[in-house]
Amino acid sequence: MEKAGYLVLQNGRVFKGRSVGAHKNAVSRLLFFTGMTGFGEVLTDPGYKGMMVVPSFPMFGARMMDEYGHPPQKPLLSALIVRDLQNESLLPDGPETLGRYLAEHGIPCLTDVDTRAVVKAIRTSGEMNAALVHDEPNVTETIRLLSEHIVWPEPECGDAVQADEQADGPRVVILDCGTRAELMRDLKRCGCKVTVMPADASAKDALAVHPDGVILSGGPGLPASCTSYIKTAYDIASSGVPMMGVGLGHLLLALAMGAQVNEMRCGHHGAALPVQDLRGNVFLTLQNHFHAVDDLTLPPHARVIHKNLNDGTCEGLEYLHIPAFSVQFYPETPRSYPCVSNVLWHFTDLIRGYRPCR
Amino acid sequence: MPLNPMLRRVMIIGSGPIVIGQAAEFDYAGSQACKALREAGLEVILINPNPATIMTDHASAAKIYIEPLTLEVLKRIIIAEKPDGLLSTLGGQSGLTLSMQLAKEGFLDMHHVQLLGANCETIEKAEDRLLFKQAMQEIGEPCAASDIAENLPDALIRAEEIGYPVIVRPAYTLGGTGGGICADAAELEAVASAGLRLSPIGQILIEKSISGWKEIEFEVIRDATGSVAAVCSMENIDPVGVHTGDSIVVAPALTLTDNEMKTLRDAALRIVSALKVEGGCNCQFALRPDGGQYAVIEVNPRVSRSSALASKATGYPIAKTASLIAVGYTLRELRNSMTGMTLEAFEPSLDYVVVKFPKWPFDKFIYGRRALGTQMKATGEVMAIGINLEQALMKAVRGAEIGVDTLRMDKMAALSQDDLFALIASCTDERLFAVYEALRRDECCVDILCQTTQMDAFFINKLLRLIRMEKKLEACQLSEACYREAKQLGFPDSAITRLTGVPVASPRLPVYKAVDTCAAEFDAGASYFYATYDEENEAGPQVTAEGQRKPVVIVLGAGPIRIGQGIEFDYASVHCVRVLKKLGYDSVMINNNPETVSTDFDTADRLYFEPLTAEDVLSVIAVEKPMGVVAAFGGQTAIKLTKPLHHAGVKILGTSADSIDLAEDRKRFDSAMERLGIKRPRGSAVMTAEDATKVANELGYPVLVRPSYVLGGQNMIIADRDEDIA
């Protein structure tokens, strides 16, 4: 039976809603997502692991299939707060609805919440912790609980995937911290032979397959505490193999090179955030990050190449002394068109420039 | 790049008279353009023969020519005024066509006039059916199989090759004029010969009909440096085959998967890049219902009805941005006028749903063919904003002034099963209501309705949710939770009262949320609102802050454009707002017509995009607490509201509610004339058909029957005998 649920924010705001997912409580960091599609990915993208997500678009849950027509797989977020949860079937003729899917996977969800007011609260107070509870909350007690340290999720090291040895093209190793599956797809579309290794592989392991390029992927986690990955990033970068950082990987590479990373007051989580390539155009990007490189702390051989047009945060770096660059946003290249982000193409060009003659 | 230094005087071509397919949206676009260019320091020369427009106000441009839109006249003005640039993309189809003709003749070059907005090549590629097809082929964008024909025998051969059914689209025409779907050679003969005649270059496109696919539109903006942004996606509830102007449209598109959305968005961006559009552009796609395939339908490299809708739906001023791009600015130089802190190089994020509902003239042309096809028949439209599709659709329908406050139409309830199904099977303005009735009778399942109407199941399921709510209201004692749910789904109190049979004991007031282009991500301080039922009200605090300084006056708009109530009321209400502002009042606009200047978010101090019904207006009044309401400039739409507003204790500024009633109510008017001894044809007000016949016989036939409170002679008839009256 449906029952009431409450969202308690660290700043003391309480919102009432209707509980439709798993009937359990959740405590985690709360963020808002401004995209109007891509909800299936919000549920399953490891970048949202352990987070409580408020989509700003009110009708959540219609047409969740991915490009192959599959419904979302295992959700990784901690809880979902929505305005009007759609009661559609996840598949055109399947019986399962989003509410049931969330319940089965143990994800609590509140619907009928004034989500715009929640977004405004986050905008005003900055990203903060929040609790989803099912009984009328003791607000003071809950706030005390929320102010206590809440653990950031660890990076989600994926499984190893061997490259298709029949394939042609440069060999690229992805060190996987919890990347979106699309990175593999897009790299293959760019003509690369892709090997995936979990991010806890050592630099030695990665270099052992003689990659033409290495990508340090995006994923969840607190960048500064990923010390072993930072070391790996440093070692690979020092080896002279062309390298690209994406999302968390961008931050880890920056840390390895001596820059500092700050937690943002309000992170970027959306599907169309404007980024300016300082060498050219403006384009719109898919983003999900809580931290950003402090561009005042850059080492002398690093240069900002991408900047967020809204708040000026650093979205991409280039290193002048090594064949490496990194981007904070997701380098989406579905079917390339001339004027938009060509990050992956840029990477393959970089590889070609450095590819040893074999 | 900043302003093009070669430019000092820019000429803008307006769109001329209102015709079906070209209404107030071009006044909205043109006014924005004039304002933007003036603010950029340019001298604007305007030509537009439509005097009911705001853009032809003397303040809009340095020089205004109220002259016919012909090549001859344009040439004379260019010679006299020596403009440096001609902005081609704001005057609708005629502006675009004329600009291109001037450019092609070499006239513009000869007089050193730059063509701004869209260059000749872009216009040709987008408008010439053959060149367009070639351009799409070059960049690998799929089009429906098609071929052009320049005479009838050719058309018949091409159609035979492509295979029927085919769609005929004449080149360089507006609103699908002269086009249509043809099932066989006989139909083609009729449509093609008309099309060939109507196309200014005598060319038609014969295209494989893909009717039944989903119709998706994107409004895209691009600058000269190649930065692009897809401002808004829109989805037609009706499938391909119904003109988008006659379609119920939702924004953003709701039934697409993430991948389908990205594919079409990418395609739109690729197309505007390939066509090198500088400004706004509308891209229409057909998407096979299973998502497996799409086709480009057409591209309009200019502002349009859709761009006006997209602007109002998102808060992104497309016409303004397009004009500034045309004179040299880039997206990353222009500030988002809504947030003030971000730039125009972005894609708006919506945290609400928008529904556009067309206004058809069939109430005036009662014998008109109601069937909808590739030729637009609607004269206007309303837009509604809600936090879900149900709420927005309910608002749109009650704001369309078609005599309903829910989707339940009495006329449908009276139909037999067969008649109802016949209505569902053919696409007319009433189909939505017929589908609703069929679902209500529970005699037809969603699958069959989807197959018959080719609407997506998602939309039918939304109708089903409304019906379930209706039935719940009919069955239940109105609990707080039930009432709240009904309000969330957009039911007005009048409908709830009718369904439950008891008046709503404690009516709940809505809260107002802002439209701010960024889904509250930034503090936009937006003053553009819609009502919903939620916790936090955003309109209230602003009122208190500003209201301390100035008294508030609400101006009621005129709703959708229809025959007899056109753009002139927009002109009047915008001027009313401007004068109020000048006199130090805090002006508030309530209107639901997305094509107009009055619903531009910076016309009044605050804009409420709401239906013009008593409940919706009174709710705004409860929040705004105005000193009075101006109803005089909103046509019959606003006049009709004076009675309930007066009854609720609201002060009507200007002519009082009583005086308005005196003029509108035939009986009271008659007695006033009698009293004043003013001669007029004898007549008498009646309430029933029997009385009418009796009076008619006393007066002697022929008699004129005039209903009270109507517009432009709606339902007015001349009766020669008793039968005509009934």
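Treat the numbers as computed from the prediction; the structure is a model and nothing was measured. Chain A is the first sequence line, chain B the second, and so forth, proteins listed ahead of strands; every chain is numbered from 1.
What you find for A/Ser56 and B/Asp351 is that their closest heavy atoms are O-CB, 2.9 Å. The two residues B/Ala345 and A/Leu309 make their nearest non-hydrogen contact at CB-CD1, 3.7 Å. Pairing each heavy atom of B/Phe346 with each of A/Pro274, the nearest pair is CB-CG, 4.1 Å. The shortest non-hydrogen separation linking B/Val228 to A/Leu284 is O-CD1, 3.8 Å.
Using a distance-only test at 3.5 Å, with no hydrogens or angles considered, a donor-acceptor pair links the side chain of A/Arg63 to the main chain of B/Thr255. Side-chain N or O atoms of B/Thr342 include none that pairs as donor or acceptor with a backbone N or O of A/Asn310 at under 3.5 Å. Between the side chain of A/Arg123 and the backbone N or O of B/Phe522, at least one donor-acceptor pair lies under 3.5 Å.
Contacts between B/Ala514 and chain A at a heavy-atom distance below 4.5 Å involve backbone atoms as well as side-chain atoms. Contact annotation for B/Leu331: neither backbone nor side-chain heavy atoms come within less than 4.5 Å of a heavy atom of chain A. With a threshold of 4.5 angstrom between heavy atoms, B/Arg484 approaches chain A through side-chain atoms but not through N, CA, C or O. Interface residue B/Leu254: backbone and side-chain heavy atoms are both found under 4.5 Å from chain A. At a 4.5 Å heavy-atom cutoff, the contact between A/Phe57 and chain B is made by backbone and side-chain atoms alike. B/Asp523 touches chain A through backbone and side chain together, each having a heavy atom under 4.5 Å away. Contact annotation for B/Asp534: both backbone and side-chain heavy atoms come within less than 4.5 Å of a heavy atom of chain A. Residue B/Asp516 touches chain A through its side chain alone, counting heavy-atom pairs closer than 4.5 Å. Residue B/Phe458 touches chain A through both its backbone and its side chain, counting heavy-atom pairs closer than 4.5 Å.
Residue with the most contacts toward chain B among A/Gly35, A/Pro55, A/Ala117: A/Ala117 (heavy-atom pairs, distance under 4.5 Å). The greatest number of non-hydrogen atom pairs below 4.5 Å with chain A, out of B/Arg465, B/Glu260, B/Met261, is found for B/Arg465. When the candidates A/Lys120, A/Met59, A/Arg116, A/Met36 are compared by the number of heavy-atom contacts under 4.5 Å with chain B, A/Arg116 comes out ahead.
Here B/Ile387 contributes atom CD1 and A/Asp84 contributes atom CG; the two are 5.5 Å apart, rounded to the nearest 0.5 Å. A/Gln86 CD to B/Asn388 CG: the interatomic distance, rounded to the nearest 0.5 Å, is 7.5 Å. In this structure, CD in B/Glu536 is found 6.0 Å from CZ in A/Phe15, a value given to the nearest 0.5 Å. Considering CD of B/Glu347 and CG of A/Leu273, their distance stands at 10.0 Å, rounded to 0.5 Å.
Side-chain atoms of A/Arg83 and B/Gln488 include a donor-acceptor pair closer than 3.5 Å.
Using a cutoff of 4.0 Å between basic side-chain nitrogens and carboxylate oxygens, A/Arg13 and B/Glu535 are not scored as salt-bridged.
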Determine, step by step, whether A/Asp114 and B/Lys513 satisfy the side-chain contact (heavy atoms from CB on, under 4.5 Å) criterion, reporting the C-alpha distance in whole Å, the side-chain angles of both residues, the deciding distance to 0.1 Å, and the verdict. CA-CA 10 Å; A/Asp114 187 343; B/Lys513 298 281 185 194; 2.8 Å; yes

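Heavy atoms of other residues, nucleotides or ligands lying less than 6.0 angstrom from CD of A/Gln73 number 12 at most.
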